[in-house]
Trainee: 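Dropping a structure here in structure tokens format, bear with me for questions.
We name chains A, B, ... by the order of the sequence lines, and we start the count at 1 in each one. Just so you know, these numbers come straight off a predicted model, no measurement behind them.
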Amino acid sequence: MPELPEVETVRRTLIEGGLVGLSIVSVTVAHPDAVHWPDPARFAREVTGRRFVDVRRRGKFLLFDLDGRTLACHLRMTGRLWLSATTEPELSHTHVVCALSDGRELRFRDVRRFGGFTLLEPDGGMAPSLLARLGPEPDEVSAAAFAAALQRHRRSPVKALLLDQAVVAGLGNIYADEALHRAGVHPARTCGSVSKQEQKVLRSAMRALVRDALRHRGTTFLDFRDGAGEPGAFQAFLRVYGREGLPCRHCGTPIAKRRIAGRGTHFCPRCQPEGE
DNA sequence: CCAGCAGCCTGTGCGC
DNA sequence: TGCGCACAGGCTGCTG
């Protein structure tokens with residue numbers, strides 16, 4: 001599940017791989033689901049011939065600046081985007097292939113077909129629905145904004161707040177669980193019950209977590225791969241996610257798993273007491 | 001206004 | 001061995 005650290009790792013590896021400066025020679029859309037806007041034919045027409053000027057990221061969106069237009073890509077659950085030699089056999093579920101001016105290809109593969117591309121309008125017309133609703137990045141959340149969000153959603157479980165992209169952009173299920181464990185806050189506690197001190201700890205836990213995950217090039221839990229096709233290494237450092245029944249790395253208590261905010265949620269019953 | 005959930009989709013892994 | 005089903009989850013849009 002690509003979240004901020006994984007998407008940022010894809011961004012960096014695409015840049016390291018030399019994508020910037022290359023042009024799109026041709027585009028093949030094998031499955032229309034992978035192009036969210038506009039229709040595949042117009043999509044191919046609009047991006048063909050353009051040159052990659054920069055690759056940016058906002059939350060979990062990759063943003064390809066293509067001299068004059070910006071192409072957004074969201075990997076959702078199982079999306080992969082990588083630079084490939086033309087001679088590499090095409091993996092199943094490869095939905096979009098961009099042939100590049102140096103003879104390589106930028107390939108997009110997505111087994112569950114949730115992810116895909118959106119071509120943003122030059123005047124920002126398409127952007128508001130996608131990007132304008134995103135909150136600050138985890139390392140840019142101010143204490144005041146965080147406190148206000150907790151107050152606004154005071155009856156919701158704090159886990160739901162961390163998953164809300166309008167509050168913090170980039171966290172997903174894995175890193176929400178990890179941040180709450182680092183902060184010692186139970187995921188089911190209501191936002192209204194989180195003390196000022198806990199807010200401070202939670203904010204710095206988010207920052208440290210994202211920094212650590214980036215250093216290890218993201219988490220490969222099932223099948224994440226970066227822009228060069230390589231897996232991440234942060235899964236070895238996860239403290240709760242995917243560790244149900246295993247001892248808490250801090251206190252040894254078996255990690256619990258429960259459905260909270262509609263998501264499978266992992267926590268340590270001892271380090272993260274529910275009644276606080 | 002806001003919390004909660006169905007639906008989208010396919011591969012995996014379980015129970016029978 | 002094979003079948004059916006629950007589950008995984010980011011995000012939108014609907015409902016209560």
Side-chain angles (χ1 to χ4, degrees), chain A residues 1-10 29-37 57-63 72-81 91-96 108-118 120 126-135 137-138 148-180 187-194 206 210 213 218-225 232 235 238 240-245 255-267:
Chain A
M1 302 124 244
E3 306 178 24
L4 189 158
E6 290 76 37
V7 177
E8 176 64 16
T9 300
V10 172
V29 179
H31 202 301
D33 281 4
V35 177
H36 297 160
W37 197 89
R57 181 193 56 76
R58 181 73 178 89
K60 299 175 198 169
F61 285 93
L62 273 171
L63 301 173
C73 180
H74 201 303
L75 303 174
R76 297 279 188 116
M77 305 294 306
T78 51
R80 274 199 215 173
L81 199 55
L91 294 172
S92 58
H93 307 288
T94 298
H95 304 316
V96 178
F108 176 74
R109 165 182 207 244
D110 190 357
V111 171
R112 287 184 211 173
R113 282 196 266 130
F114 281 11
F117 294 91
T118 302
L120 304 184
M126 198 62 198
S129 57
L130 272 188
L131 305 178
R133 279 184 290 197
L134 293 179
E137 301 281 318
L150 285 156
Q151 171 62 19
R152 201 163 56 245
H153 299 276
R154 70 190 85 88
R155 298 170 62 86
S156 293
V158 62
K159 162 125 186 204
L161 192 87
L162 296 189
L163 292 174
D164 186 342
Q165 301 300 297
V167 174
V168 188
L171 298 188
N173 203 41
I174 296 175
Y175 294 111
D177 284 1
E178 293 296 315
L180 288 165
R189 283 180 48 199
T190 61
C191 293
S193 78
V194 178
M206 288 191 294
V210 168
T219 300
T220 295
F221 196 75
L222 289 175
D223 62 354
F224 164 72
R225 293 293 185 277
Q235 60 277 7
L238 295 177
V240 286
Y241 187 87
R243 299 193 68 247
E244 182 185 14
I255 298 301
K257 183 179 181 186
R258 206 210 293 177
R259 202 161 185 85
I260 296 169
R263 296 282 173 260
T265 301
H266 313 71
F267 58 95

Trainee: Side chains of A:D110 and A:L75: closer than 4.5 Å at any heavy-atom pair?
Mentor: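 No, too far: nothing below the 4.5 Å cut-off.
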Trainee: Does A:R263 have a side-chain nitrogen or oxygen under 4.0 Å from the phosphate oxygens OP1 or OP2 of C:dC7?
Mentor: no
Trainee: Does A:T219 reach the side chain of A:Q235, with side-chain heavy atoms less than 4.5 Å apart?
Mentor: yes
Trainee: For A:F61 and A:H74, take the angle between the two ring planes, folded into 0 to 90°, and tell me which bin it lands in: parallel under 30, tilted 30 to 60, perpendicular over 60.
Mentor: perpendicular
Trainee: Looking at A:H93, I'd like to know whether one of its side-chain N or O atoms comes within less than 4.0 Å of OP1 or OP2 on B:dG11.
Mentor: yes
Trainee: Expressed in angstrom and rounded to an integer, what is the separation of A:H36 atom NE2 from C:dT12 atom C1'?
Mentor: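 Taking atom C1' of C:dT12 as the reference, NE2 of A:H36 is at 12 Å.
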Trainee: Please tell me if A:H74 has a side-chain N or O lying less than 4.0 Å from either OP1 or OP2 of C:dC11.
Mentor: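 Checking C:dC11 against A:H74, a side-chain N or O does come within under 4.0 Å of OP1 or OP2.
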Trainee: Which protein N or O atoms sit under 3.5 Å from an N or O of nucleotides 2-4 of chain B?
Mentor:
unit_1, atom_1, unit_2, atom_2, d
B:dA3, OP1, A:S156, OG, 3.4
B:dA3, OP2, A:H153, ND1, 3.2
B:dA3, OP2, A:S156, OG, 3.3
B:dA3, O5', A:S156, OG, 2.8

Trainee: Are the ring of A:F114 and the base ring of C:dC11 both nearer than 5.5 Å at their centres and tilted by less than 30°?
Mentor: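 According to the criterion (under 5.5 Å, under 30°), no, A:F114 does not stack.
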Trainee: Could you go over nucleotides 13-16 of chain C and give all protein N or O partners under 3.5 Å, atom names and distances?
Mentor:
none

Trainee: A:F114 and A:M77: which non-hydrogen atoms are nearest, and at how many Å?
Mentor: CD2-CG, 3.6 Å
Trainee: Under 4.0 Å between a side-chain N/O of A:K257 and OP1 or OP2 of C:dA8, yes or no?
Mentor: yes
Trainee: Any donor-acceptor pair under 3.5 Å linking the side chain of A:E3 with the backbone of A:Y175?
Mentor: yes
Trainee: How many Å lie between CD on A:E6 and C1' on C:dG10, as a whole number?
Mentor: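 After rounding, the gap between these two atoms is 13 Å.
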Trainee: Between atom CG in A:D164 and atom C1' in C:dG9, what is the gap in whole Å?
Mentor: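 These atoms are roughly 16 Å apart.
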Trainee: Contact class for A:G264 vs. all strands (heavy atom < 4.0 Å): base, sugar-phosphate, or nothing?
Mentor: sugar-phosphate
Trainee: Measure CZ/A:F221 against P/B:dG13 and give the value in whole Å, please.
Mentor: 11 Å
Trainee: Find the distance A:L171:CG to C:dG10:C1' and express it as a whole number of Å.
Mentor: 13 Å
Trainee: Between atom CG in A:N173 and atom P in C:dC7, what is the gap in whole Å?
Mentor: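 A:N173 atom CG is separated from C:dC7 atom P by 15 Å.
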Trainee: What's the CE-C1' distance between A:M77 and B:dG11, to the nearest Å?
Mentor: 12 Å
Trainee: Run the numbers on A:D177 and A:T265 for side-chain contact (heavy atoms from CB on, under 4.5 Å), then give the verdict.
Mentor: CA-CA 6 Å; A:D177 284 1; A:T265 301; 3.5 Å; yes
Trainee: Taking only the side-chain nitrogens and oxygens of A:R259, find out if one of them lies under 4.0 Å from OP1 or OP2 of C:dA8.
Mentor: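 For C:dA8, OP1/OP2 do have a side-chain N/O of A:R259 under 4.0 Å.
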Trainee: Does some side-chain heavy atom of A:F108 sit less than 4.5 Å from a side-chain heavy atom of A:V35?
Mentor: no
Trainee: What's the OH-C1' distance between A:Y175 and C:dG10, to the nearest Å?
Mentor: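 From A:Y175 OH to C:dG10 C1': 15 Å.
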Trainee: Quick one: label A:Y241 by what it contacts on the DNA or RNA (base, sugar-phosphate, nothing), any heavy atom closer than 4.0 Å.
Mentor: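 It contacts sugar-phosphate atoms only.
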Trainee: Hey, is the side chain of A:Q165 poking within less than 4.0 Å of OP1 or OP2 on C:dC11, counting only N and O atoms?
Mentor: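 Yes, because at least one side-chain N or O of A:Q165 sits under 4.0 Å from OP1 or OP2 of C:dC11.
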Trainee: Report yes if the side chains of A:L81 and A:C73 come closer than 4.5 Å at any heavy-atom pair, otherwise no.
Mentor: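 When only atoms from C-beta onward are counted, A:C73 and A:L81 do touch, with a gap below 4.5 Å.
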Trainee: I'd like to know if the side chain of A:E6 reaches the main chain of A:R225, judged simply by a donor and an acceptor atom lying under 3.5 Å from each other, with no hydrogens or angles considered.
Mentor: no
Trainee: For a side-chain contact (heavy atoms from CB on, under 4.5 Å) check, start with the C-alpha distance between A:L180 and A:F267, then their side-chain angles and the critical distance, and finish with the verdict.
Mentor: CA-CA 8 Å; A:L180 288 165; A:F267 58 95; over 6 Å; no
